[in-house]
Structures are given as C-alpha cells and as structure tokens.
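Below: the structure, in structure tokens.
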Amino acid sequence: MTATNNSASDSSNTLMVIDGHSMAYRAFFALPADNFQTATGQHTNAVYGFLNMLLAMIREQQPTHIAVAWDMDTPTFRSEQYPEYKAGRDKTPDEFYGQIDLIKQIMDALNIPNIELDGYEADDIVATMATNAEEAGWKARVVSGDRDTFQLINDNITVLYPMRGVSELPPFDAATIEERYGVSPAQYPDLAALVGETADNLPGVPGVGPGFAARWIKKYGGLQGVLDNIDNIGGKKGEALRENLEAVQRNRELNKLVTNLELPLDLDETVMVNPDRNQVAELFDALEFNTIRDRLFTTFEQQLGTTEEPPPAEDMPETILIDEITDWEAFLTSISEPVSVFCHITPPAVITKRKIPAPGDYGAIRALGFATSHATAVLDVDAASEELGQAVIAFLSDSAYAKVVYDLKSILKALATTASSSPLPARPDVNTSIVGVEDDVLLSAYILQPDRRGYDLTDLVQTYLNTRLESIVATENQGQLELEGIDDDNAQQLAQYARNAWMIHRLNEVMGEQLAERDAVPLLHDLEIPLSIVLAKMELIGIGIDRERLDSLLAGFTNEVEKAQQSAFASIGGQEVNLASPKQLQTVLFETLDMPKTRRTKTGYSTDADSLADLLEKTDHPFLHNLMAFRDATKLRQTVQGLLDSIADDERIHTRFSQTAAATGRLSSLNPNLQNIPVRTPAGRQIRDIFVAGTNPRSDERTTLLTADYSQIEMRIMAHMSEDAGLIQAYQDGEDLHRFVGAQVFEVEPEDVTTSMRDKVKAMSYGLAYGLSSFGLSRQLRISVDEARELMTSYFDRFGAVQRYLRNVVRQARKDGYTQTMLGRRRYLPDLQSDNRQLREMAERAALNAPIQGSAADLIKKAMLGVQDRLERDGLYSRMILQVHDELILEVIDSEVDAAEQILVEEMSSAATLKVPLDVQVGKGYSWHEAAH
DNA sequence: GCCGTTACGTA
DNA sequence: CGTACGTAACGGCT
C-alpha cells in the first residue's frame, strides 16, 4: 500500500490525531479493571477501551491518516515555567501500570505512528499536527479529553471529546463550543484562564465560573479586552480578578498550545496502512483479546477500501489445468525437483445435532494442486478420466517423485477411504498410497513452533511468507469448508488449489532452511513424518467397542445422576437448583447454607472437588455428599455418552491423534479423547471394560488386547539426565523406587518404609518434574508447609544431582531461550525473561518439565515406529491401535500374542539407551480393563 | 452462536 | 502457589 492517492494537497484527506495518554486514562476509568485481566495478572481495561474507541472513531470519522501523540515523563516548558503545573494529581492506580506501553506496542503493530517530543506535551503535538494538516488543505480530527484542544477548533478541525467514559465521542465544532460556553473556540482558552483548571493545578479567579467569564469575554472581545478594562469591572468578582491577575495571565500562557513544533515525521507518514497481522496476533494472544481481533481487521479493511489486492502468490508460475492425460504427462516430464501437492478434501459430514464430524468419515479428495518452482497445475478429480486418475495414483505412489504436502495424515486417511466410484479409487494401503514425502509443512511448522495455537495453511502462510492466502480449502486441521472472497466459478476455486500448492512449495523452502539451521531435519524425516503414517493407520483401524455394555453403563450412570440429584434437592429442603451451575451452587453453599468460604475464583468461590471435600469435613452437610455423587455420576455419564456418539459404522471408535497440539511433543487425542478414559475408580474402570478386542480383517482367529507401558518413564529420564548415582543404582538394581527413595529420605531400612512415607516421597518424586513447590506439596499431601519443606530438603540432600539438574535446565533455557529434548525437540520460552513474576515462574516450571515430558514423548514415538515396523516386517496381522503417552495398545490375534509381546518389550525398551533400564510392563485381556496389569 | 469460566478425566 | 492435554456445561455477550 502506497500513499500515492494521499498527496499532501489532497483535500479529501482526514488526519485523526489522538492524545494517547488522555484517552487511555479515560478508558481506564470507564471500564472495570477487575474484569480485564490476563491469566498473569496484567490489567488490560485501558488497552481494550482505547482500542474500542479507536475502532469506533475509524468507522465514524473515516480518517485517511492517523497518529497518536504521547506525553513524555520529562519536564515540559510548562512545568519549568510553573513548577506547580499538574502537581497534586492523584497517584496513577497500580492497575494502569504497563497499559500505556501495551497500547504503544499495538499502535506499532497497526503501523500507526506514536509521536512524542522531549519538553512538550501530547497536546502540543496534537495542535501542531492538526494545524499542519489544515495548512495542507486536509481535515483534522483531534481526539482528546483535554479541553485545551478546543482552541484548535475551526471549519477544518474538530475535537472529538469523550463523554460517558469513552463510549461516546461527540464532535465539538465552533457551534458546539459557542453553545456550551458562550464563546468562540479561539476565545475558549481566555475563558479557561479566568476560570482556572483544577486538573492542571491552575487556579483561576475565585468566584468566577464559566458563565461570568464568558460574559466578560463577550463584552470586551477577549481576555486582552478584559485586561485592558480591568479597572472598569466592578463588584466582588472584579476585585477578585484584579487580585488574581497574574494567575490569569500565567494560565493563559500555559494553556496556549504550541502549533509550530518540529515533528519527527511528515504528515504523509501517518497514512493508514494495513496492520502487521502477525504482530497484532501475537500481542492479542498475550492480552487474551479475541473478539476484538476480527473487528479490528474488518475495520481496517473497510477503511482501506476492502481487499488487499496483491495475490499472495507473487512470482507464482502460470497455472495449467490438467484435464487430459497428455497435460499430466507434459507436467510430469517437466519435473526435476520435489513437487508440492495440495489435496482439497471435502469435509466429512457433520452430525448437526452434536456438531461433530460423522465418525469414520474422512472426506474425499476432490481436487489436487501441484507446484514446483517453475510450474503450477491443478486437477479436478471429479472431472478426470479413469486413466488420468490412475496416472495420479501412480505418481503419488512412485518414490521417484519426492513430494511436499500439508497434513499428510489427513490425506492418507482421505485417500484410504475415497469412494471406489471416484476416478481416484480408495487406496487403503497407507504404506503405498503416497510414497516419497519429503516434507509435511504442517509437521515442520510444529517442530519450529510447537506452542502455536493454529496451524491452518492460511496462518502458516501469514507467518512464514508474510502474505495472505485469501481463502483456502479445509482439511482436518482447519475445520470447515469456506470459500470466502472468490465467486462460485469452479475455475477460480481450482486456481485457489494451485495457489495453495504454490504456498506449500514456498513454505517448504522457508521452513526447510530453518529446520536445517537448527539440526531438526532428522526429527522431521525420521520421526514425525513416519509417525504420521503410523497414526493414520491407527486412526483408520480404531478400537472395538462393546456397545451393549456401553448402553447399559449409560443407563446405570443416568440412574445414578437422577438419584444423586433427588437426594441433593431433598437435602436442601426440596429446592431445585441446577447442580451443574457453579453460580447456582455458590448461592446454595455460601448464602442459603452459609458455609465457610472456599478458594476465590474470578466469579466467586470455588466449588471444585477439593473445596467440597474441605466443606464436607467442616460442615458434614449431606448436600455436599450428594453433590459430589452427582458430579461423579454426570462425569461418567458424559464420558459414556461421548463414546456412544463416536462409534462409527464398523462399531469401532476411531479417535484422531493430533500430532501438533502439545507444546512438549506429546500426541493428543480427540473426537473422542481416548487418552483420558477413567482408570482410578471402580466405576471409571467399568468404562475401560467396554473397549474390547475386535475382529481382524485378515484373520478369523480370536483377538486379544495387549497393553504395554513404560514404568516410571519420566523419573527414569530424570535419573538419566541428572546422572544421579543413587537413583541410577536403584533402577539398575530393580528396586521399588519409591521404597528406596523413602528409605534414603527418612533414613530407615527399606523394609521399614511405611505406606505414608512411601506416598510422600512418591508425590515428591512425581512433583519434581513439574516444578512442585513446598506449598503445592503441602497442599497435596495435606501436611504443613514446614513439613513439606523439610521433606524437600532431605530429598535433595540425598539426591542432590537431581536438584542440580533441574536448576541447570532452567538456567540453560534462560540462556538459550529454549529447552531441548533427547531428540533435539525445542520449546521456546520467551517468558523466562519476563518482568512479570507469575509469567516468569510459569515459564520456569514449563522449562523444567518440557525436556522430561518431551523426551518421554520422543521415546514412545520412536518405539511406535519400531513396533509398527517389526509387526509389518515379521508379517504379523496384529495391529497397534492406541497410544496413551506412556502406553501402547495392540489388538493381536491370539496366535501372535507371544510374538507381539516380545516385539513390544524389545522395541519399547530399546527406544533409547539410557543410564537406567527402560522397564516395560505388559498385560493382556479381552478388554482394555482386563489388559491392565 | 460465540466465548470465557469452571470443573474434571488422563499421563 | 505442579506440567501437558480435551470435553462439556453454564451463562453472559453479541
């Protein structure tokens, strides 16, 4: 965007210049600070109010140019002339702290200049700019809560003055001033000088208000006239005027705004341009601003004349439409480098009632875009001949052609299930459907930035290429199909797919370089990409479900919910409240029943399980017991209902493993989440019992579930990384770790370690990797903070290397800016440098945990590749179906149980060679519950 | 309908 | 005032 249409003489230009501090301060008092706080305690009410005001002003005033003027902390000519100037003001509230700086950062991101000038106030900058604008033949709009700016008003300059907080900013023109004060704008400072300005600590003439002052000014034509006739003014007020003559003259000098400052930038440089979306997104993420984000972009787009034209694909080679086999052959022969392939996958059907994708539906590939550095092409699958379809399939499975894709796993799944009637018939063999994938830019982005929130192609293009992809087509990671910004014309849609392929091509170039720089290429090539293929298989296979038992569980839990609810109502005298509403519960517990207050939350007092347990101890009220039973039962019912809704047509559940969700490198599971199926309570374990061994398509044999989990993987990784001799010895000797540690810490013989001792050191050991504090430990163990502190001290006395390691992890992370796992997976933690203590300490705990949790994730991912490879190479029919962080679940046919078990143990325990053994425990059974050991 | 909050399941 | 996740319900907002 250039300023070509905004030359300095253009009379259609409107400059909006804002007195930043004045507006921020108004916004601060207009919105409750308590309601605008980030998780880390930074207040944002002034920032939010300011932005809202800014957007409203852009919409209403439609400026072509914007600038924000700021006061500096340094003395001004006014304070030098009159030291009491602005003295005696109330102290700025603590909650205001930091908000000015945030606003300035946002202005930077919006490419709106922040202007400040040593020795002058924002007002003077505002005055100079408005005057300059007028001289250039522009209009000017001054946004300020300082009435001194009224003196600037004329035909071309209007002041927008905040009323009712910052929600209304009516324009003040000459008529408004005349009407309100009875003087012209030019005379307003005369009036103000007589009346005085409390806010600036400028007393005027006692007893003289705006009314009298206006009358004098009218009569004598201005302050000068008043002073010339000072002896003709009678009465007490005349007397007072004569006595305060100096103050009035001083006031008039001080409230005169400077209009001829040397500014650090030209008017033209305030032209509105597009915001830096990345910077805005980053700031808004930190500020937890979500709804205002779109409003901001829309406002800017509308004001700037809608669309940013430049197609994101500068330098993009011309696109050819492939609709004949000869086109395809010509395209192929021209290729001498990896081909970027974009697959347009129709989104799966959605169950409208619950807004979830239909279980087991992975969509179909309807179009493909292709790109290399010198060619782009697009192919409409529906319009393709069978011959052309076959040619594409051959290309995809040909390892001679290297490929770059976005979201390999989704493509493999769609390809595996596309209807056989399509020119692109189903390619159920995930091993061969696409071969030669050199990069999946989705996975590359994850490795480069594992704590991003979204990895939509649009977002990646924005971040890495700094361009916009107007609309792109949905895949698994994007959610929905929307083609905004282009018309229905099929050709245009197809062109978009080619552009997407081109973007993938360019992303690959940029990201490939970054990955190479940080030696992360093996992590992509040898771990994440092959894992994507394994995960695609696991998702396609799914896990067997005993629907009948699940149905009866639902009935049982529903019944329990009902019973608990009735008892709960009965125990509070028949009052019917919504037990699922924390708000209503608060009323019952803390008002009706007048129970002691619990932990504070944002909206009142906590009613979580811990708090209820505390209350039960204190009050022994039956309502609490019933409420807890209700909570338990609803949670279980909800889990069961969720599972029932996710059963696919093959009577199995196909969870989706997200490979890009967890910042530490772990997988996550969704739709449904099979990584949080209950296991601790008997009722919960009933749910594990409905996950069963199902039928194997290649065998008539009976099947069994085999589970294998790493024993204390994170503790072992800590022992390995810290090289703590005691811990390593204990693991090598195969001792009961917690008993061993307990014996050391409490200085008793291992056989004399009591359950209570063991529990304490166990909690401590587990807590270590999370950055547990003595306070946290005391809470968890329900012991005093002193006792917890003693426990920690004697723990670290015995295992000093662990403490040194943990400290060192944080220190190194602070130095490097990131942590690293055993396979070199990085997590960047900029907050380690934050001034905000809460933020910084959170980052420190994350730094502590990330290498441990992340290395464990690395290990099991590596093990999964090993297990899958062995199963296939050994020709087994058994299949890996689930991963739950430190556990793998296989569905094996009975004749392969021993072989599969051996593979699991071997591959999992050899995933890495540590200074301690990697113990793997295996269990088998018909159900997941039975297979637990 | 969207979104933040609260609550709770897992490793 | 212990890390990492996903899901669901409520209730205020648009």
Side-chain angles (χ1 to χ4, degrees), chain A residues 35-39 288-295 354-356 450-451 577-586 599 601-612 627-628 630-632 634-643 645-646 655-658 661-681 683-684 687-688 709-710 712-714 763-780 785 788 806 819 827 837-838 841-854 856-857 860 882-887:
Chain A
N35 297 2
F36 294 84
Q37 239 187 97
T38 65
E288 299 168 21
F289 287 177
N290 294 311
T291 49
I292 201 170
R293 194 177 308 214
D294 285 342
R295 232 176 336 135
R354 294 192 67 241
K355 296 193 302 186
I356 56 168
D451 36 21
V577 297
N578 183 347
L579 297 177
S581 162
K583 197 172 167 237
Q584 294 185 35
L585 285 179
Q586 283 171 31
R599 177 172 65 83
T601 66
K602 276 191 182 172
T603 56
Y605 300 98
S606 175
T607 69
D608 68 9
D610 266 358
S611 305
L612 294 185
L627 174 58
M628 290 158 95
F630 173 85
R631 284 252 176 93
D632 286 346
T634 31
K635 185 72 185 172
L636 291 164
R637 181 186 60 177
Q638 172 188 303
T639 303
V640 166
Q641 184 64 57
L643 292 174
D645 292 338
S646 342
T655 189
R656 250 182 58 191
F657 291 103
S658 172
T664 51
R666 274 189 177 180
L667 299 177
S668 80
S669 156
L670 59 156
N671 284 327
N673 181 356
L674 294 189
Q675 290 178 327
N676 73 341
I677 300 301
V679 70
R680 288 170 200 185
T681 62
I687 300 180
R688 291 224 164 191
D709 63 54
Y710 280 118
Q712 297 170 345
I713 179 91
E714 296 192 351
M764 172 89 201
S765 289
Y766 276 115
L768 280 180
Y770 303 144
L772 186 69
S773 66
S774 49
F775 178 89
L777 186 63
S778 75
R779 252 183 65 122
Q780 195 196 323
V785 178
L806 293 172
T819 62
R827 177 171 184 188
R837 192 181 117 187
Q838 195 188 349
E841 288 180 346
M842 274 173 64
E844 284 168 359
R845 290 191 296 271
L848 217 80
N849 178 254
I852 299 167
Q853 191 183 111
I860 195 160
L882 285 184
Q883 187 250 48
V884 189
H885 307 310
D886 67 354
E887 175 185 15

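Numbered from 1 within each chain, the chains take letters A, B, ... in sequence-line order. Since the model is a prediction, treat every value here as computed from it, not as a measurement.
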For this session: Check side-chain hydrogen bond (donor to acceptor under 3.5 Å, both in side chains) between A:Arg293 and all other residues, then give those that pass, not counting sequence neighbours.
Result: A:Asp285, A:Asn290
For this session: Select base, sugar-phosphate, or nothing to describe what A:Glu288 touches, counting heavy atoms under 4.0 Å on all strands.
Result: nothing
Seminar exercise, completed: Ranking C:dC5, B:dT5, B:dA7 by distance to the side chain of A:Pro582, first place goes to B:dA7
For this session: Could you work out the separation of B:dT5 and C:dC1 based on their P atoms and round it to a whole Å?
Result: 15 Å
Exercise. Where the side chain of A:Asn578 is defined as all heavy atoms beyond and including C-beta, which of C:dC10, C:dC5, C:dA4 is the nearest nucleotide?
Worked result: C:dC10
Exercise. Reckon A:Gly776 touches a base, only the sugar-phosphate, or nothing at all at heavy-atom distances under 4.0 Å?
Worked result: sugar-phosphate
For this session: From the options C:dG11, C:dT7, C:dA4, select the nucleotide whose nearest atom is closest to the side chain of A:Ser581.
Result: C:dG11
For this session: Identify the nucleotide, in any strand shown, that forms a Watson-Crick or G-U wobble pair with B:dC3, with both distances under 3.5 Å; if there is none, say none.
Result: C:dG11
For this session: For A:Ser606, report the nucleic acid contact type (base, sugar-phosphate, nothing); a contact means any heavy atom under 4.0 Å.
Result: sugar-phosphate
For this session: For A:Ala857, report the nucleic acid contact type (base, sugar-phosphate, nothing); a contact means any heavy atom under 4.0 Å.
Result: nothing
For this session: Indicate whether the side chain of A:Thr601 and that of A:Ser606 have a donor and an acceptor atom separated by less than 3.5 Å.
Result: no
Exercise. With the threshold set at 4.0 Å, does a side-chain nitrogen-carboxylate oxygen contact exist between A:Asp608 and A:Arg599?
Worked result: yes
Problem set entry | From B:dA7, C:dC5, C:dA9, nucleotide with atom closest to A:Ala661 side chain | C:dC5
Listing time: all N or O pairs from protein to nucleotides 12-14 of chain C that are below 3.5 Å?
from	atom 1	to	atom 2	distance (Å)
C:dG12	OP1	A:Lys583	NZ	2.8

For this session: May I ask you to say what A:Ala769 touches in the nucleic acid, namely base, sugar-phosphate or nothing, with a heavy-atom cut-off under 4.0 Å?
Result: nothing
Provide a list of protein-nucleic acid N or O atom pairs under 3.5 angstrom, restricted to nucleotides 9-11 of chain B.
from	atom 1	to	atom 2	distance (Å)
B:dG9	N2	A:Asn676	ND2	3.3
B:dG9	N3	A:Asn676	ND2	3.0
B:dT10	OP1	A:Val679	N	2.8
B:dT10	OP1	A:Arg680	N	3.0
B:dA11	OP2	A:Arg680	NH2	3.1
B:dA11	O3'	A:Asp886	N	3.3
B:dA11	O3'	A:Asp886	OD1	3.0
B:dA11	O3'	A:Asp886	OD2	3.4
B:dA11	N3	A:Arg666	NH1	3.0
B:dA11	N3	A:Arg666	NH2	3.3

Problem set entry | Greater than 12 external heavy atoms within 6.0 Å of A:Met842's CE | no
